[in-house]
Amino acid sequence: MDSEQQSATLSALARVRENAFFVLELDIACSRMEMERQAQKLLAMLELGLSSATTYSTPVGTGIRDADKVRLASARLRDPEKRLEEELWARIAKAEKPPPDPDADLGLEDLPKKPRPDAPWPNALPAFGWGRK
Amino acid sequence: MNAAFMGLLAAVLFTKVVIALFSARPKKQSKHPRPTDYRLFLIIVLLLLAGGLARLEEGPFRLNDVRSMATAVPLAMFIGMFVVWPLARHVFAPLGMVRTAYYVGYASWASPEDRIGRALMAGAIALHRKSQFDAESASFLEERITSQKGLRGGGIVAAAASAAARGDREGARALFLSIGQLDPRATTREAIHIAYEWLAADAAGRGAWQEVIDLGISSSHVGRSAWLLIQVAKRLLCKPDAPTRNALLLHWLFAPRRRHTFAIVERALSIEDNASMIEDEEENLPTVSDSEGPLAKALALHVALLSMKKPTAVDIVYTARSFDIAFEGDALLSLLQKRAEVIGASRPDDALRRFRDDVEDSLFHLLKAHSIALDDTKMDLGEFASAAQRRLRDETLAVIEALSDAVGNRAREKRALSAIDEWREFAALKMAYERGMRLGGPELRYLAFTKVHTDLSALAVWLFNERGERPIANAMLRFLLSEAQAVGDAEAIELQTKNVAIGV
Amino acid sequence: MLRSVSVRPQYVGIDLGTTNSTAAVFDGDKVTLVRNAQGGSLTPSVVRIDARGNVTVGDRARRFLESDPQNTRSELKRLMGTAEQVEFVAARVKKKPEEVAAEVLKSLRADVKEHLGFVPANAVIAVPALFEIPQSSATSEAARLAGFERVELIQEPVASALAAGWSAEDTSGAWLVYDLGGGTFDVSLLETRDGLLRVVGHDGDNFLGGRDFDWAIVDHVLRETSSAAGCTLSRADAALGPSLRKLKSVVEEAKIELTRAQEATIILPAAFEIGGRTIDVDVHITRDILNGLTAPLVDRSIDVCKRLVKAHGLTLDQIGRVVLVGGPTVMPGLRSRVKEALGAPFSEGLDPMTLVAQGAALYAATAGLDARPASAPEAAAHKLWLQYPAMTSDLTPHVVGRIAEGSGSKPAGLGKPVARSVRISRADGGFQTQDISLDGDGAFVALVELQTRRPNVFKVELFDGATERKPVPCSPSTFTIVQGLTIGDPPLSRTIGVALADDTVRVYFERGAPLPARRTFMHQTVETIARIQGQSPPILKIPIVQGELSRAHLCRLVGTLEIPGNGITATLPAGSQIELTLELDRGGHLSARAFIPALSQVFEKVAHLLVPDASPEVLTKSIADLRSRMGTLRVEATRRNSPNALGRLTFVECAIAEAERDVEAAKGGDADAAQKARRSLIDAEAILDEQDSEKKWPELDHEARLSLSAAASFVSEYGTKAEQKLLQEATDSVERARKDRDAVELERQLRVVRNLTHAAFNRHPESTKWLFEDAASELDRATDLVRAKKLVDDGRRAIDRNDMPALRTIVRELQKLMPADVRERQRGYESGVR
């Protein structure tokens, strides 16, 4: 994946990962005051470097929280027009897991996985004298 | 007998000299100087060498003997032609001696039409053998690459290797790949082999084994190193034409750097002959019930899609269709209207429009991130997927048009870049164009070709007619010809066939 | 944020106005206006530097404004961010506008010191909402030069709203802040719910203010005096400059008089001297005349208000009240006209002249920008890092704390904890937390309860054991939270983005985005930047623009990030990735950072631009160009009978006429009028561009229909299957583009259609003959007639012997001899080919 593709991946993820309700860990029915209070608490915790404030969970994985994100998220929720849109993105249904892997019952997933034969060969370029290992 | 043999040889060479003298005389003053014809010079050197060897038969060298010296000079020339280049390429370059490799390579008379290019190539290889990146040496080489006139394969490979040494893999890849566009007369086999060696190793390093296989079909074309990796890749991917273990061992024995490549060969050997490929763990979109409504379902699918490593076109279209369903009717708008009343918003329709745009934007970025082209002839795309596909096509086309515009405007305004930078610009345009072809299908190819043909022709003609950069100009015209054939533009085919035929 | 609370925090707000400046202080309880040495709360924004270099500011300087204008300067705010040098002739010094403004700020800072007893380190300065980046940046610079350590900017309407919101009892609903200052007009739409203030949006006119009212009266007086004296007096006449300044001052007084009286007389003996004859000014002016003269300007402000309300989906009857701010709003004519047009009642009891400064001081509190210099912590006490809102509408805000380690520069981490629990109690004894255990990081989060509308002082106590509860000294041991209003980060007044090669804008920060803001996007270069060491290397420019229009050239260029060819380590080919990050702080400082992955290089130097020069010559030429464009468009619009287009063009005509008047004033030395004209012309150009594309659309649409019909006949008969399919796709795209009125897309698709037609046409057995006949019919237009005639003869012979390859070559040669437009028409396969 080249840098342009990586940038596109981040853009695709942004709507969910940067959703104001996920960043502030709030329910979509929260009041404006609850939002302000939560944002103020998170900003204060981040300012003092409390590790418990630096991450948040989203349906697409863990997000890294910083003061900019919190301020941006609260600005979006302060504006009722923008909040409406944020609410829509936060209405995600719980997906049912895909059918379980038959091997899972045997506990095979816990065994160390053998590398695939077609895995990358990181030393390929150095092996031919191109660059350093 | 020896004297008689030498006399015969001298007679043959004398005759050749006479013939060469007459045939080398230009019949007509050409507008562009032809590359220097070294044949006559070569023959004189051989003649003197033969004379010198004949002298050897007669007794030992003496410094004060004119005949002895007459023997030493052609011998030195012989060494220059046949010994100096291997010294630069296989001794000084592996030792990381950038300047020495360059100067010794430059002193070699072998392959005179691209002497500087080859010297630069030796220097660039040496750059990679240094224990640390040497910015000063890189600048030394890059200055020479930039000032090189009459750019050919060697210079391009040197520029690519230099970019790779700086860590610009994408730039290096574009330049190494561009070697394939040159007329065989404009490059050397060695330059091609070096390019393919790097490309194969780069793809292997990324685990893109299919890309390795796609590089070539013969060892004479890609060189022994790349060919070894192609065979390894075939075994790793369990291709039907994969070599047997013994055959792979033979390839390895014939390839260079055996000690360094054994690890990957060993991995390939560990796979049974005729083994079948271990399939990727299948990634599937999860099942989502409708119980929470079509929007919640569409969003859940979207989230699952975002989490997939390699979503397929079908996955994306399925998700996009679920959004189509969510947007049907007035359900979403009335949901927003209710919420707007609660939170004091006044424009729920605007919020819905922005949400629609965001969904489309997200799908567009997914298509772009995974380089997926949607084919509406194979499936019904629906509104969102069609819109995302259209946007991908438009953006791809806009990039091609911007790059093409830059090339065309520069050519028309006669704002010259160095030859290697002209080539870089062409390589960038070509890469963007080819990416467009993959993503946009035949319609985009048609659109892009019209634009690129006009602009790139202007550049190529300027390079060919006025700047004497015939090899790279010819390569650009060859690219235009192949594209004209692909889109079936008869007029362009006719024009570029003639242009390409003029040669390098 | 480490605070010592030996005394209450003090917050300083400054209104750096065009005419007057004011400072206010908020102590958590009430807002107090700072008095200057003369005892007034308004300090005229006038600076005088005499021959000995002595600087005088305020009233004392204002006295010299008429008598010694060469060494006394006013209205500096309007020059902020421009390259205009302010000259003080006697002292022989030239200063930048921000350097002169810094003198006003220094004076205010000294007044605040007198008021508070210490030199304020930090302050909030109010700026017009529509100030652009260079203007905001210059204001921050002025504050820095004045000695402030930290300064934040707030938009004037937000400040006014804060002050109005703080004073009002019932503040729920939507309201407008109508702020007409000396030089700028701002209107803001605000909404308050439960003490939470929100700026819904704002709009304004950077070049409309009380000063324009004065000039309108001056123009009237000049007209009256000219007709009475039988001569021509014009603001364009540079020789009248000093006299005009005097007249303006008298006019200003008359205008103020007319707010109380029904009529006034403007008398200025020997005001002008024309051809050796002195001319007196003696003009009687009534309130009705004044209202008539200023009505167009007031209407302009009302239009802006209506536009703002409409843009946010509201109607005027939903506006609860209007807050008037600024000196000119005391004019009775203006008040009645605005009230009539907007319908909502005015907020009473607010001082329009000082509201902004009061709001700025309140904002300093919400931003926690205490003016006191940082105090040294108490000895032998453990340092405590505390975070809490200095002012909030929340009755139960959070307080977060952490024990600092060692020197206090870092929060505590591993090691033996100095305390195990914390307790917070309100000074009045009405509230106390439980003992809260400190976590592994030595931190705690607590909810505290506030009393409404007052400063709440809290005491913090640390204890070292859970059972023994032995107190641990800490610093600070108290802190104050004011219960009042909550306001979000200051919103960005105009959209900021990067201009792209195709004249579009990639938006980084939308209007209303909270400041500070930071955003990163990936861009691609479109041209190769060669690495060249030398005097004039190629430069990759990344222009940063500010404005709402989608076309980059119509937005204001506010900065440029440059990547020079002699600064890169290797050539940067076209198509290279550039990761660009823009950052904007609350002081209006814009920074940009470009990372080039291919070179692993970072570029950060941004050339901050000034407000562009607007010389009267350039403006006159722009006006002539716009007039000519407008003439063509008017003819077109009349021909098309489009009342909508004609209406827009009339609007442009008015704007151009006004710009002409401003250019006249600019010729008389009024640099500010020149800037105003420049902005008006940019807006006019945007409307003409829009009209241009409107005009072109029917032609393009017609062309699309013709091209599709020609393509359908040729491609269906002579096209390959693939071409037929492509044509079908292109036809669909053409229809879509026509439906969306997307001209760029339509032109693209027409290119495909023409190419397909071209390919199919070439397969027609007679196509070469048709092309030949067509070229032959244009013979008289050939650039080389003799050669063309010979080619036509050769062509005829080729037709006779049916030698089509030869004929094709001849056609190509013939086409080369044709002028460009003929060739173009043939390539495009438009009418005339058959």
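Quick note on labels: first sequence line is chain A, next is B, and so on, each numbered from 1. What you see is a predicted model; the values in this text were computed from it and never measured.
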Got a second to check how far [X]'s [atom1] is from [Y]'s [atom2], nearest 0.5 Å?
X	Y	atom1	atom2	result
His365(B)	Leu10(A)	NE2	CG	10.0 Å
Leu88(A)	Leu295(B)	CG	CG	6.0 Å
Arg353(B)	Glu85(A)	CZ	CD	9.0 Å
Ile343(B)	Arg32(A)	CD1	CZ	11.0 Å
Phe355(B)	Glu87(A)	CZ	CD	11.5 Å
Leu229(B)	Trp121(A)	CG	CH2	6.0 Å

Over all atoms of both residues, closest heavy-atom pair of [X] and [Y]:
X	Y	result
Ala369(B)	Thr9(A)	CB-OG1, 3.2 Å
Thr261(B)	Phe128(A)	CG2-CZ, 3.6 Å
Ser362(B)	Ala12(A)	OG-O, 3.1 Å

Exam field: side chain [X] to backbone [Y], donor-acceptor pair closer than 3.5 Å:
X	Y	result
Arg339(B)	Leu84(A)	no
Arg267(B)	Ala119(A)	yes
Glu81(A)	Ala351(B)	no

[X] portion near chain A, given a 4.5 angstrom heavy-atom threshold:
X	answer
Leu335(B)	side chain
Arg235(B)	neither
Trp198(B)	both
Ser346(B)	both
Pro348(B)	both
Ile194(B)	both
Ala164(B)	neither

Non-hydrogen side-chain atoms of Trp89(A) and Val359(B) separated by less than 4.5 Å: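 The answer is yes, as the side chains (C-beta and beyond) meet within the 4.5 Å cut-off.
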- prompt: Do Val16(A) and Leu299(B) come close enough that some side-chain heavy atom pair is under 4.5 Å?
  reply: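 Contact flag for Val16(A)/Leu299(B) side chains = no.
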task: Using side-chain hydrogen bond (donor to acceptor under 3.5 Å, both in side chains) as the criterion, list what pairs up with Arg166(B), not counting sequence neighbours.
output: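 side-chain hydrogen bond (donor to acceptor under 3.5 Å, both in side chains) list for Arg166(B), sorted by chain: Glu142(B).
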Aromatic ring pairing Phe176(B)/Trp130(A), orientation class (parallel under 30°, perpendicular over 60°, tilted between):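 Ring orientation of Phe176(B) relative to Trp130(A): perpendicular.
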Which one of [options] has the most heavy-atom pairs closer than 4.5 Å to chain A?
options	result
Leu301(B), Leu332(B), Asp350(B), Asp361(B)	Asp361(B)
Ala298(B), Ala233(B), Ala255(B), Ser225(B)	Ser225(B)
Val232(B), Ile271(B), Asp358(B), Leu305(B)	Asp358(B)

query: Do other residues, nucleotides or ligands put more than 12 heavy atoms under 6.0 Å from the CD atom of Glu25(A)?
result: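 Yes, enclosed.
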- request: Output the residues of residues 52-76 of chain A for which the shortest heavy-atom distance to chain B is under 4.5 Å, in residue-number order; output 'none' if no such residue exists.
  value: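 Near chain B, by residue number: Pro59(A), Val60(A).
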